[in-house]
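This is a predicted model, so every value here is computed, not measured. Any value given below was found using the heavy atoms of this structure, including those in side chains, with hydrogens, waters and symmetry copies removed. A, B, ... follow the sequence lines: proteins, then strands. Residue 1 opens every chain.
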There are 2 protein chains.
Amino acid sequence: MTVTSVHDPSHREALWELEDAFERGDLVSLFGRCTVSYEGRAASDLGPGDRLVVLKPDGAALVHTDEGRQPVNWQPPGSEHRAAVRDGRLRVRSTRDNPDETLTVRFAAVHQLSAMTVTGGRDLTLHGSEEDLRTRILERPGLVEAGFEPRETERPSSAGPMDVFGVDADGAPVVVELKRRRVGPDAVGQLARYVRALREEFGTEASDSETNGETAGNGGDGETDNADSPEVRGILVAPSVTDRAAERLADRGFDHVALEPTPDE
Amino acid sequence: MTVTSVHDPSHREALWELEDAFERGDLVSLFGRCTVSYEGRAASDLGPGDRLVVLKPDGAALVHTDEGRQPVNWQPPGSEHRAAVRDGRLRVRSTRDNPDETLTVRFAAVHQLSAMTVTGGRDLTLHGSEEDLRTRILERPGLVEAGFEPRETERPSSAGPMDVFGVDADGAPVVVELKRRRVGPDAVGQLARYVRALREEFGTEASDSETNGETAGNGGDGETDNADSPEVRGILVAPSVTDRAAERLADRGFDHVALEPTPDE
DNA sequence: TGCTCTATATCGATC
DNA sequence: GATCGATGTAGAGCA
């Protein structure tokens, strides 16, 4: 059997089991009444109470109460677990460097200790991510716009790599920013940086009159020195946008295409 | 004992224990070989392997492998846990609405099931940097205000102990409330309670026109001799404050001093 | 409820 | 190692 389990062990018993489990590289689950203290980038203290402590062989440590998705305290992978008995009580300590951080759990009582040697897959296949959205657009560019032709993904620019770069039906360059979910104004800012970078790269001659029928009356106030519609277009592809984001899109003359990462059924 | 624990239970046995644990509002830890699937904003599948499943009475569900700080799959608080035996195997499902999401864990074998009735505190005091902030201020009172003199820390009052108590250049009493990070209106309320308590304690003439007296014009810097200014001053020391908090500070005639818990480099 | 911002964010890719 | 961007981010504050 790959699982060892002790109920209401003494502190010293718990220590033995813990050390064995560390040795074996087991995944440890520890129920008990304890206090927790953390010192590092910040610091925290947690008074006595019942908690679940998880110790992973990769160095991760988690302290969970009965509430919340997040652990109340934790240590990331790469930390080092040590256990000891101090003043007759089990103490579990997880430390790491850079930054120097220490998590200490002091047990008043250990209710249950279980350790499992883990076998089997740990690779998750996730669908519906931004990666899926990119794939979907590259396979069916018409979803973005009739006549859109993707030319490059992760195309570098002075503002960093853009998600998709291509040309529209008129041959005008298009920057496409992909978001897998509803977005706020920050995404518009990101798109704007790419577009600005490309305009600078292309020299930004003001030849224009692309007659973008859908750009809702690009008012004269927003742009710094581009009096006419931009040579480089920006399209934000996301399931939806916030009101504020829509305003900023309109200000800059960008378009929004409503698209989910995966087709709806 | 508040902990129940079963080793290598049958699927039906595990089901009973799980249902009892849900009924009691226990925190559940479940070791076993299982597959996991998730459907919602995205979708994912995880093949057979040994994992630790945590089920919380607030609806949170976590699936952990032996690696990483993050659960490989999860459900946030507010979800609903259900357990059943299908095809002779234990199935745990956690669902929520808005968005509609379902997490399903199908067990090939349950190695260990533990459930604990949780008692005790769950409130974490993230104090560390505030301690640093206090130290920093005590060592360099001028950071708060020119001429400020700390007199006492954790000075007791009817509203509880205040972070720092002192006097300003004019000898007026000052309550300093420390926060290690950006704060909202609640911190202003806390500061106000301390100030009110001190005013009562000092028997200060009831110039409690604090709500309408001097509003914004007072704050600033040259509070050398404001006849209207309250006898007891309040200063909130925090890296930054929300807009709402700033309004309340102004309303009460308190000051905000922007200060990080630790010096910036 | 929805929106915005912060986090001991975590995590991966890239330079 | 440092920085940048995505995340089923989670969680708090605020309208």
Side-chain angles (χ1 to χ4, degrees), chain A residues 36-44 58 60-63 67-79 94 96-103 124 126-134 154 156 159-163 177-187 189-190 193-194 238-246 261-262, chain B residues 36-44 60-63 67-79 94 96-103 124 126-129 180-188 239-248 261-262:
Chain A
V36 186
S37 72
Y38 153 73
E39 266 276 331
R41 286 164 293 179
S44 72
D58 70 350
L62 312 169
V63 181
E67 286 186 349
R69 200 211 78 123
Q70 300 288 33
V72 65
N73 278 116
W74 70 90
Q75 204 66 282
S79 311
S94 181
R96 69 156 168 164
D97 306 325
N98 196 1
D100 264 328
E101 296 194 296
T102 302
L103 176 70
L124 182 91
L126 182 66
H127 322 283
S129 59
E130 184 173 311
E131 171 67 29
D132 291 301
L133 183 54
R134 171 164 46 247
E154 301 299 326
M162 49 197 73
D163 288 334
E177 174 67 21
L178 305 176
K179 293 295 173 186
R180 62 171 306 278
R181 62 168 188 164
R182 180 177 177 86
V183 296
D186 53 326
Q190 191 176 346
R193 287 194 297 276
Y194 294 140
S240 66
V241 301
T242 65
D243 290 344
R244 187 96 55 204
T262 53
Chain B
V36 186
S37 72
Y38 153 73
E39 266 276 330
R41 287 164 294 177
S44 72
L62 311 169
V63 181
E67 287 187 348
R69 204 212 71 122
Q70 300 289 22
V72 65
N73 278 115
W74 70 91
Q75 203 67 283
S79 310
S94 181
R96 70 156 168 166
D97 305 326
N98 197 0
D100 265 328
E101 296 194 295
T102 303
L103 176 70
L124 183 93
L126 195 54
H127 72 83
S129 296
R180 62 175 298 277
R181 62 171 185 164
R182 180 178 176 87
V183 297
D186 51 336
V188 184
S240 65
V241 301
T242 66
D243 289 348
R244 198 87 183 88
E247 288 175 19
R248 286 220 203 171
T262 54

Taking it one step at a time, do A:R193 and A:E177 satisfy salt bridge (Lys or Arg N to Asp or Glu O under 4.0 Å)? CA-CA 11 Å; A:R193 287 194 297 276; A:E177 174 67 21; over 6 Å; no

Taking for each residue the nucleotide of DNA chain C bearing the nearest heavy atom, is the 5' side occupied by A:V183 or by A:E101? A:V183

Please determine whether side-chain contact (heavy atoms from CB on, under 4.5 Å) holds for the pair A:V63 and A:L103, giving the CA-CA distance in whole Å, both sets of side-chain angles, and the decisive distance to 0.1 Å. CA-CA 10 Å; A:V63 181; A:L103 176 70; 4.2 Å; yes

Would you say B:R41 reaches D:dA6's phosphate, i.e. side-chain N/O to OP1/OP2 under 4.0 Å? no

Do any side-chain nitrogens or oxygens of A:W74 fall under 4.0 Å of OP1 or OP2 in C:dT10? yes

Under the salt bridge (Lys or Arg N to Asp or Glu O under 4.0 Å) rule, what do B:R96 and B:E101 come out as? Steps first, then yes or no, please. CA-CA 5 Å; B:R96 70 156 168 166; B:E101 296 194 295; 2.7 Å; yes

Could you tell me whether the side chain of B:L126 reaches within less than 4.5 Å of the side chain of B:R181, counting heavy atoms only? no

Compare side-chain N and O positions of B:T242 against OP1 and OP2 of D:dC14 and report whether any pair is under 4.0 Å apart. yes

With a 4.0 Å cut-off on heavy atoms, is B:G40 in touch with a base, just the backbone sugar-phosphate, or nothing at all? nothing

So does A:P161 get a backbone contact from the side chain of A:Y194, meaning a donor-acceptor N/O pair under 3.5 Å? yes

Close N or O pairs between protein and nucleotides 11-15 of chain C (under 3.5 Å):
unit_1, atom_1, unit_2, atom_2, d
C:dC11, OP1, B:R69, N, 2.7
C:dC11, OP1, B:Q70, N, 3.0

Reckon B:R182 has a side-chain N or O less than 4.0 Å from the OP1 or OP2 of D:dA12? no

Scan nucleotides 3-5 of chain D against the protein and return all N/O pairs shorter than 3.5 Å with their distances rounded to 0.1 Å.
none

Between B:R182 and B:V241, does a side-chain contact (heavy atoms from CB on, under 4.5 Å) hold up when you go through it step by step? CA-CA 5 Å; B:R182 180 178 176 87; B:V241 301; 5.9 Å; no

With no angle test and no hydrogens, is the base of C:dT8 tied to the side chain of A:N73 by a donor-acceptor pair under 3.5 Å? yes

When the nearest nucleotide of DNA chain C is assigned to B:R181 and to B:N98 on a heavy-atom basis, which residue is associated with the more 5' position? B:N98

Quote, to the nearest angstrom, the P distance that separates D:dG5 from C:dT8. 22 Å

Short side-chain N/O contact to D:dA15 OP1/OP2 from B:R244, under 4.0 Å: yes

Distance between the C1' atoms of D:dG11 and D:dT7, in whole angstroms? 14 Å

Quick check for you: among C:dT8, D:dG8, D:dC14, whose closest atom lies nearest to any side-chain atom of B:P185? D:dC14

Looking at B:R244 and B:G184, would you say the former's side chain and the latter's main chain have a donor-acceptor pair under 3.5 Å? no

